[in-house]
Structures are given as structure tokens and as C-alpha cells.
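Predicted model, so just to flag it, every value in this text is computed and none were measured. Hydrogens, waters and symmetry mates play no part in the numbers below; they use all other heavy atoms, side chains included.
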Amino acid sequence: MSDDKKLTTRAENFSDWYNELVLRAELADYSPVRGCMVIRPHGYGVWERMQRALDDMFKATGHVNAYFPLFIPESFLSKEAQHVEGFAPECAVVTHGGGKQLEERLVVRPTSETIIYSMFAKWVQSYRDLPLLYNQWANVVRWEMRTRLFLRTMEFLWQEGHTAHATHDEAEAETRRMLGVYRDFMEGWMAMPVITGQKTESEKFAGALRTYACEAMMQDNKALQAGTSHNLGQNFAKAFDLTFQNEQGQQDYAWNTSWGVSTRMIGGLVMTHGDDSGLRLPPRLTPIQMVIVPIWKTDEERAATIEVAKRIAEELGSYKRPDHERIRVHVDDRIGIKPGAKYYHWELRGIPLRLEIGPRDLAANSGMLARRDTREKRSISLDALRTELPAILDTIQADMLAAARARLEANTIRERISYDRFKEVMDGPGAFVYAGWNGDPAVEARVKEETKATIRVIPDAEFRSSEAPTTCMVTGEPAKYEVVWARSY
RNA sequence: CGGGGCGUAGCGUAGCCCGGUAUCGCGCCUGCUUUGGGAGCAGGAGGUCGCCGGUUCGAAUCCGGCCGCCCCGACCA
């Protein structure tokens, strides 16, 4: 795809901007199958970085990976009433195989609770077998009516954690622990600040006791649910006869949790950090951290600058360097393309650093280093790259989080506002609005109907306002909770 | 599934009302000259005009049907 045209700006049309950016930065493309996308190497490279970081965090919190089948017997889904009600309408179902109609239809997993807990039931007899702390990296299918690249596709990639515990409290602690892992990942790796909290009844997972979520604010001030963690109670254990003998010798149902994040996070990354020149990738997740653009006039200069560039790339990226000192460098040695065109190319793709090396630099053993996030450009000694780059990348990572956090705060409303004012805000610029709620689902439904805004979360303590709201924004009745309202993806 | 828009070369488009097999830009290929913020010139390749049918001597264009995609709604990670 060509790089020569300007992007639609975010102000002109945020939605067009997003679609164009995803396509032109070569993160993904539309596929021949409606609602399904192809994740291209640049996008998949980001996903691989995400997987690696998260997988390390899961392992460090005691989890192990396993893999369960893509196909689930249709009857499994029906065993948990809420679950089937929530997922049946969006399931793809296999009716034929090998040219014959199947005796029992197979559902293509929309999520794997049922098949995983059916297996857990086989493996657990005693409290000594607990907890089971499993995770799987997989694809799932949900037959969506309306799709958008990364944000909602019919097939998507994710990880789903599934655990079984002896007590409610252990399961609750696990649910909260993994929500914290997600938050750490989103803030520490994606540089995307989130609000954590509990979902209301109407927004919780089908079959869960409680659902917790990480909500991030996109640049159009809409919320993106970026990760969820569910305390499933004993609902699935009862449906799949997942029982164990406890210390007292009695049979008891296990307590389950499940938690997941998906390729949707890549959409969140784009809408958190992208600008009108293209993508901006945080250093910890970008497939390429620095691109070197050699500049020359003569053949001799070309040979010399490319040679130096390649030597630097090899040194900095050597597998012999310790992991935290290794820099992912790409040399753009394409011939016949002017340096300026290369700058635009890599800026569109969000590469955090660009090093320009021309004949003048070579003579001084230096290069021009440009930051994608701030567009700052300065001279740097080539000998200093090795020692300085890790700190520069850390700075970019931190600055991107700080900028995103400042934007979140600038578009958050905490002062008491009237419901009329709330409607204006939602119809206008949008915001995260902290307000009192009387706890009535009917009020929630009415606000959604009238403003398209929903309660994103009942925020965790650290996010709540210093002075709790006393009245419901909509009815004026005493407030039961402080909640965060916003339109969402 | 309701509302709106659109299908012409890899991408974006003109032509369609007033039928005569296709315009322009970008990209791509070759050569030469270029290369510190989107190169220039010359030559060249690439299209069953979404699909099926109808009208006609003749259809990108008119008529009927179908399919697909995008956007807005209901649903949703």
C-alpha cells in the first residue's frame, strides 16, 4: 500500500482515521471472509511481543499453559443456563464432517469454560489437586453482526486463563490478582492507563458471579474494555460436576475463575497513541525499536553508510547481549528511495526511534537520532548508542504513559453534573464521568437508551473520588455506588 | 436484521443522466540521472468495468435479480 497520501486526521473523522491507519501501517487487512481479518507481520509482531510479556507474567504468578480443542459438543454449552443464553446466538456451529451429518453438532468455541471445566472434573478428586492454574493461547469465534479491525472481528486471538480453587476467597483473590496483572501489562507495556473495577449485573460475563475489567480511554474519549477477569463462583463446577473432597472429607464444588485479553488490545494501542502522522508504538511492544536510514550521494558513501548501519544493528541486536540490553534494529537500505520517503514510511508504522547516518555524520562518528513520539531530533555519538539507547527507550516508554494519563485525566469529569449536562457531554466531546448511581438496573438501561453511555465499571477504591457522590445523577435518590459512565467500543 | 453509501488495474478515481469496450493520479517494471523530509525524465506492464440475466446491431452506461464491502443503529472482548 502506498505511503504517499496524508491520513484522514483524527479530528476530521476518528473512525476513518483508525481504519486507514490500521491498513496503511500494515497491521492488518480485510480478508476474503466477511468479518475476519488478516493480521500482517507488523501487527502480528506487536501481538507476539504482547504474548511474550503476558506469558512471562502468567508463569511468574504460577500458571501453566495447555491447549483444549477448538470444537465443543453443543450440549456442553447448554449446561450452564446463563452461559448458553449469552453465547448461543453468536456461535458458529459445525453440522457436517467427512461428508456426513454429525450425530452431535459441534460449536466452534466462543470461549472455553465448558470444555475446560469438563476436563478439570476428570482431573480433580481432592483438595490436594487444587488449585489448577491454567492458561491457553487460542483463537475463538463469535458471529458478530458488525465488525471492526482488531476491535471486533468474528475470529480473534486471545489468551484465556481458567482456574479452579477450593474456596470462594481463593478464587476471588485469583480474579483480582489477574486483573492486576492485566493492569500492570497495559500500563507498563502498552503505556495505556486503565481504570479497574467491577462490572454491573447487566455487563458481567454470562455465567459469572462477578466480572472485573480494565477500561481504557481512547482519543475520541470512548472507553475500550481491554481485559476482563471473572469470578465464576461454583456455576460451572455445578454444571460439569467439578467436585473435590475437602479437608473435612466432604464433597464440595470447586470455585472457578476465567480471565482474558485479546488482539483487541492492538486496537487500543492504535487509538491510545496514534497521531495524524500514523502509529506510535511503545518501545517495549514494537517489533522494531530503531530504524537506521543511511544517506549517501556516491556509491562509496552508500557502501560506507550501509556498512556502518549494519554493523550497529548487529551489535545492538546481538543475541549475545543480555536481553534487557538488546535493541531491535532495522536498517532501511533500500536503494532508489529518498531519505524523506523513508522517514514517512517508518513514522506511519510507529517505530519509536530513527537514526540517520550520512557522510557528514560518518566523518564525525555520529548520527541524528529522532524520536517518533515527540519528534525531537538530536545528534548522538555512534559509540554512545550502546550505552544510551536503553535509557532513551525507557524514557519514551515512560513519556508515552504520562501523555496518555494526562489525556485520560483531562477528559475525566468528577464534579457533580446534572443529567442534562451529562447528555450534552456524551453527545459532544465525550468523557469518563464519575457520578453517583442508585444501583437500579432500570436507570442504567434508561441512560444507555438516551445517551448510548453505559456504566463502564464501579471503580476500585484508588480511582474513586476523594468525596463520594451522595446522590444518583439521574434520579437524585441516594447513591449506592460511585460509577464511571462513558460511551464505549 | 433496519437505515445510509459504495463496487471500474494493487490503491484512489473519471466516464453512467444523453449506449459505440475505458480517463487521470499514485503505486509497479526497465533505463539513466538522483538521495540530509514524500525525486526527475523516458519507455513499459497491468482491467471478463462485482456476478447473473434481459433490452439492443452494440452495455461500464438502460432494466431486473443476486452478491460483497464500508458507515450508522440493535448485539458484543
Report, one line per pair, each donor and acceptor closer than 3.5 Å where one atom sits in a side chain of residues 302-310 of chain A; sequence neighbours left out.
{"unit_1": "A:T305", "atom_1": "OG1", "unit_2": "A:E301", "atom_2": "O", "d": "2.9"}
{"unit_1": "A:T305", "atom_1": "OG1", "unit_2": "A:R302", "atom_2": "O", "d": "3.2"}
{"unit_1": "A:K310", "atom_1": "NZ", "unit_2": "A:D333", "atom_2": "OD2", "d": "3.2"}

**Report entry** Heavy-atom pair of closest approach, residues A:E444 and A:W485
**Finding:** CA-CH2, 4.0 Å

Query raised in the report: Would you find a donor on one side and an acceptor on the other, under 3.5 Å apart, between the side chain of A:E174 and the backbone of A:T163?
Result: no

Report summary line: Looking only at B:A39, B:C70, B:A77, the nucleotide nearest the A:Q225 side chain is B:A77

Requested in this report: Provide the distance between the two C1' atoms, one in B:G54 and one in B:A59, to the nearest whole Å.
Outcome: 11 Å

Query raised in the report: For B:C71, does OP1 or OP2 lie under 4.0 Å from any side-chain N or O of A:N13?
Result: no

**Report entry** Polar side-chain contact A:R375-B:G37 base: donor and acceptor under 3.5 Å
**Finding:** no

Query raised in the report: Can you list every side-chain hydrogen bond (donor to acceptor under 3.5 Å, both in side chains) pair that touches residues 281-297 of chain A, not counting sequence neighbours?
Result: none

Query raised in the report: Can you tell which of B:G73, B:C72, B:C70 lies closest to the side chain of A:K452?
Result: B:G73

Query raised in the report: In whole angstrom, what separates A:Y30's OH from B:G50's P?
Result: 20 Å

Report task. Identify which nucleotide among B:A39, B:G37, B:A77 has an atom closest to any side-chain atom of A:T153, counting heavy atoms from C-beta outward. Result -> B:A77

Query raised in the report: Expressed in whole Å, how much space separates the C1' atoms belonging to B:C28 and B:G46?
Result: 9 Å

Query raised in the report: Of all residues at least two apart in sequence or in a different chain, which pass the side-chain hydrogen bond (donor to acceptor under 3.5 Å, both in side chains) check with A:D440?
Result: none

**Report entry** Touch class at under 4.0 angstrom, heavy-atom based, for A:R360 against every strand present
**Finding:** base

Report summary line: The nucleotide from B:G37, B:G36, B:C72 with an atom nearest the side chain of A:D361 is B:G36

Report task. Can you run down the salt bridge (charged side-chain N to carboxylate O under 4.0 Å, His left out) pairs that involve residues 185-196 of chain A, sequence neighbours left out, and say none if there aren't any? Result -> A:R183-A:E187, A:E187-A:R405

Report summary line: When rounded to whole Å, the NE2 to P distance for the pair A:H345 and B:G27 reads 14 Å

Requested in this report: Classify the side chain of A:E347 and the base of B:G37 as holding, or not holding, a donor-acceptor pair under 3.5 Å.
Outcome: yes

Report summary line: Here the residues of residues 184-202 of chain A within 4.0 Å heavy-atom distance, strictly under, of RNA chain B are none

Query raised in the report: Can you tell me how far P in B:G50 sits from the matching atom in B:G3, rounded to whole Å?
Result: 24 Å

Report summary line: Checking B:G36, B:C75, B:C71 against the side chain of A:S15 (C-beta onward), the nearest is B:C71

Query raised in the report: A:F185 and A:Y182: ring pair (Phe, Tyr, Trp, His ring centres under 6.0 Å), yes or no, with the steps?
Result: CA-CA 5 Å; A:F185 172 75; A:Y182 287 159; 8.3 Å; no

**Report entry** ring-ring contact (aromatic ring centres under 6.0 Å, His included) partners for A:H63, two or more places apart
**Finding:** A:W259

Query raised in the report: What residues, two or more places apart in sequence or in another chain, satisfy ring-ring contact (aromatic ring centres under 6.0 Å, His included) together with A:F150?
Result: none

Requested in this report: Kindly determine whether A:T147 and A:Y30 satisfy side-chain contact (heavy atoms from CB on, under 4.5 Å), including the steps that lead there.
Outcome: CA-CA 11 Å; A:T147 57; A:Y30 295 106; over 6 Å; no

Query raised in the report: Between B:A77, B:G73, B:U35, which nucleotide gets closest to the side-chain atoms of A:K338?
Result: B:U35

Requested in this report: Could you state the atom-to-atom distance from CD of A:E376 to C1' of B:G37 in whole Å?
Outcome: 18 Å

Query raised in the report: Between B:A77, B:G37, B:U35, which nucleotide has the shortest distance from any of its atoms to the side chain of A:S262?
Result: B:A77

Requested in this report: Would you indicate what A:L224 reaches in the nucleic acid, counting non-hydrogen atoms under 4.0 angstrom: base, sugar-phosphate, or nothing?
Outcome: nothing

Query - Integer angstrom distance from the C1' of B:G12 to that of B:G7 - result: 13 Å

Query - Any A:K342 side-chain N or O less than 4.0 Å from OP1/OP2 of B:G38 - result: no

Report summary line: A correct dot-bracket answer for RNA chain B, with pairs being Watson-Crick or G-U at under 3.5 Å, [ ] for crossing pairs and | for inter-strand pairs, is ((((((((.[[[..)....(...]]].((((((.....)))))).....[[[[[..)....]]]]])))))))....

Requested in this report: Pull out every residue in residues 285-300 of chain A that has a heavy atom closer than 4.0 Å to any atom of RNA chain B, ordered by number, or say none.
Outcome: A:I295, A:W296, A:K297

Report task. With heavy atoms under 4.0 Å as the rule, sort A:I335 into base, sugar-phosphate or nothing. Result -> nothing

Query raised in the report: Touch check for A:P359, heavy atoms < 4.0 angstrom, all strands: base, sugar-phosphate only, or nothing?
Result: base

Requested in this report: Determine the interatomic distance between P on B:U34 and the same-named atom on B:A39; round to the nearest Å.
Outcome: 16 Å

Query raised in the report: Taking CH2 from A:W143 and P from B:A77, how many angstroms apart are they, rounded to a whole number?
Result: 18 Å

Requested in this report: For A:H83, check ring-ring contact (aromatic ring centres under 6.0 Å, His included) against everything at least two apart and list the hits.
Outcome: A:F87, A:F205, A:F236

Query raised in the report: What integer distance in Å separates A:R354:CZ from B:G38:C1'?
Result: 12 Å

Report summary line: Sequence neighbours excluded, the answer for ring-ring contact (aromatic ring centres under 6.0 Å, His included) partners of A:H273 is none

Query raised in the report: Can you check the A:M368 CE to B:G36 C1' distance for me, whole Å?
Result: 9 Å

Query raised in the report: B:C71 and B:U33: how far apart are their P atoms, nearest whole angstrom?
Result: 47 Å

Query raised in the report: Atom CH2 of A:W346 and atom P of B:G38: how far apart are they, to the nearest Å?
Result: 19 Å

Query raised in the report: Expressed as a whole number of Å, how far does the C1' atom of B:C57 sit from that of B:G40?
Result: 49 Å

**Report entry** A:G367 vs A:R148, nearer the 5' end of RNA chain B by closest nucleotide
**Finding:** A:G367

Report summary line: Taking for A:A370 and for A:N19 the nucleotide of RNA chain B with the nearest heavy atom, the one nearer the 5' end belongs to A:A370

Query raised in the report: Which value, in whole Å, describes the distance between the C1' atoms of nucleotides B:G5 and B:C52?
Result: 23 Å

Requested in this report: For A:R280 and A:T272, indicate whether the former's side chain and the latter's backbone hold a donor-acceptor pair under 3.5 Å.
Outcome: no

Query - Polar side-chain atom of A:T9 near backbone of A:E12 as donor-acceptor pair, under 3.5 Å - result: yes

For residues 336-343 of chain A, run the donor-acceptor check on the side chains, cut-off 3.5 Å, and write out each pair with its distance to 0.1 Å, sequence neighbours left out.
{"unit_1": "A:K342", "atom_1": "NZ", "unit_2": "A:D332", "atom_2": "O", "d": "3.0"}
{"unit_1": "A:K342", "atom_1": "NZ", "unit_2": "A:R334", "atom_2": "O", "d": "2.7"}
{"unit_1": "A:Y343", "atom_1": "OH", "unit_2": "A:E356", "atom_2": "OE1", "d": "3.3"}

Report summary line: To the nearest angstrom, the OH-C1' distance between A:Y343 and B:G38 comes to 12 Å

